[in-house]
Amino acid sequence: MRYWLMKSEPSVFTIEDLENSPLQTVKWIPTKGIRNYQARNFMRDDMSLGDLAFFYQSNCDKPGIVGIMKISRLAYPDPLQFIEGHKYFDPKSSIEKPRWLSVNVTLIKKIPLIELKQLRAFPKLKSMLILREGNRLSITPVLDDEWKFITDAIN
DNA sequence: GCCAACGTTGGC
DNA sequence: GCCAACGTTGGC
């Protein structure tokens, strides 16, 4: 079992949107395609059913962790890449050789916001990828120790 | 809205 | 395969 951190901009998709979705399950992210090879490769190569992930809200007033999700469907082609005219249409992709993938996630629970600046304050977390300057990757692995430390802090 | 830090693109 | 130009991300 692996752990992940997945970013979403609240202007695009919020934890409440996830909460209000049927079965509290969505394609990540419903209206947006992940268009970064590193993030795609994580989904394709390293994610397993039942892996857990932090829902991280980014590019907003209070960036931070707001929930816990699980991976509920393994990587599959992102349908948005095939919709001509769509923002996430990719002419270089095809049904036979899809370039971009998604996974489904299911909400486990919302948690009280743990702000980015709080995360930064914990020496134990100083190597977290999300805290690295210039980090832009929307899906990053979380180490077992980091996951345990954060989830322990919640409880 | 600024801007640093990235990833991608494409000409060569 | 280099690298400048460009677009995007995301904290502030």
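Here is how names work: the chains are called A, B, and so on, in the same order as the sequence lines, proteins then strands, and each is numbered from 1. Basis for what follows: all heavy atoms, side chains included, without hydrogens, waters or symmetry-related copies.
By the 30° and 60° cut-offs, the orientation of the rings of A/Trp100 relative to A/Tyr37 is tilted. Between A/Trp28 and A/Phe13, the two ring planes are perpendicular [angle over 60°; tilted spans 30° to 60°].
Residue A/Asn59 is the one, among A/Asn59 and A/Gln38, whose nearest nucleotide of DNA chain B lies closer to the 5' end (criterion: closest heavy atom).
Taking atom NZ of residue A/Lys32 and atom C1' of nucleotide C/dT8, one finds them 9 Å apart after rounding to whole Å. Following rounding to the nearest Å, A/Leu129 (CG) and C/dT9 (P) show an atom-to-atom distance of 19 Å. The distance between atom CG of A/Leu131 and atom C1' of C/dC12, rounded to the nearest whole Å, is 16 Å. Between A/Ile65 atom CD1 and C/dG11 atom P the separation is 12 Å, expressed in whole Å. As a whole-Å value, the separation of A/Asn36 CG from B/dT9 C1' is 15 Å. Residue A/Lys87 contributes atom NZ, which lies 8 Å from atom P of C/dT8 at whole-angstrom precision.
Picking from C/dG10, B/dG10, C/dC12 the nucleotide with the shortest atom distance to the side chain of A/Lys7 gives C/dG10. Closest to the A/Lys92 side chain, of the nucleotides C/dT9, B/dG10, C/dG11, is B/dG10. Nearest to the side chain of A/Tyr37, among C/dG11, B/dT8, B/dG7, sits B/dT8.
Look at A/Lys110 and A/Glu19 and you find a salt bridge, because one of the NZ, NE, NH1 or NH2 atoms lies within 4.0 Å of a carboxylate O, short of that distance.
Donor-acceptor pairing under 3.5 Å is lacking for the side chains of A/Thr106 and A/Gln24.
Between A/Tyr56 and C/dT9 there is no side-chain N or O to OP1 or OP2 distance below 4.0 Å.
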